[in-house]
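As structure tokens, the structure follows; a few thoughts come after it.
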Amino acid sequence: MGRFSLPEQKPDGLDSPVTAKVMKYGAKAQVAVFKLTGGRIGSTWRVGAGFRKPVPTLLLEHRGRKSGRRFTTPLLYLRSGEDVVIVASQGGLPRHPQWYFNLRADPETRIHLKGHRDVPVTARVAEPAERAELWPRLVELYADFAKYQAWTDREIPVVVLSPRP
């Protein structure tokens, strides 16, 4: 394990309430900085495998399926043709992230990329064959996705965001 690498084994306390709070407030800070700077700051992820190989980050809007409130979540992404691909890894936690369930309930949404605000997209979960093709590309983009998958018993969903007019 390198100095900036994540451990191979699931860290103790990964699924503790403290970890969830740190992730929540870290995400809120990233969203605020991204919005304030138009993505000049906050549009790349430089943690873990991203330290030496920064990964592009977008802001995903989603509506709470129960509350109806609007939320914004920063996520790593991969371009695949016209589509944008995101991963519901939640750092290898045992449960899917809330944004995943929100997109399943309301797939019409918007994303914000560096220099491109309010891009309308439709979300869908990648089919098994499509996921099998995308997963190695996602791990190439950010090697820690493979660690996250090893740390959890659930299959981490891959979500495809297709542009809409």
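For the single chain, residues carry numbers from 1 onward in sequence order. Quick caveat: nothing in here was measured; it's all calculated off a predicted structure.
A heavy-atom distance below 4.5 Å is found between the side chains of Leu134 and Ser80. Looking at heavy atoms from C-beta onward, Leu76 lies in side-chain contact with Phe145 at the 4.5 angstrom threshold. Two residues are said to be in side-chain contact when any heavy atoms from C-beta on lie closer than 4.5 Å; Gln149 and Trp135 meet this criterion. Contact annotation: the side chain of Leu78 never approaches that of Tyr142 to less than 4.5 Å [non-hydrogen atoms, C-beta and beyond].
Taking Ile, Leu, Val, Met, Phe, Trp and Tyr as hydrophobic and joining them when side-chain heavy atoms fall under 4.5 Å apart, one finds Leu113 in a cluster with Leu58, Leu60, Leu75, Tyr77, Val84, Ile86, Trp99, Tyr100, Phe101, Leu103, Ile111, Val119, Val121, Val125, Val159, Leu161.
Under the side-chain hydrogen bond (donor to acceptor under 3.5 Å, both in side chains) criterion, Arg110 pairs with no residue at all, not counting sequence neighbours.
Heavy-atom minimum distance, Arg40 versus Lys114: CA-CE, 4.2 Å. Here the closest heavy-atom approach between residue Arg117 and residue His112 is recorded as CA-ND1, 3.6 Å. Contact record, Gly42 with Gln30: O-NE2, 3.0 Å, taken as the closest heavy-atom pair. Nearest heavy atoms, Lys53 versus Glu140: NZ-O, 2.5 Å. When all heavy atoms are compared, the tightest approach of Pro94 to Arg154 is O-CD, 3.3 Å. Here the closest non-hydrogen pair linking Val31 and Pro74 is CG2-CD, 3.5 Å.
Distance CZ/Phe71 to CG/Asn102: 7.0 Å, rounded to 0.5 Å. Note that CH2 of Trp151 and CD1 of Ile156 are 10.0 Å apart. Values are rounded to the nearest 0.5 Å.
Enclosure of atom CD in Glu133 by more than 12 non-hydrogen atoms of other residues, nucleotides or ligands within 6.0 angstrom is indicated.
Put simply, the residue from Thr109, Thr72, Thr73 that forms a side-chain hydrogen bond (donor to acceptor under 3.5 Å, both in side chains) with His62 is Thr73.
A side-chain donor-acceptor contact under 3.5 Å links Thr122 and Glu108.
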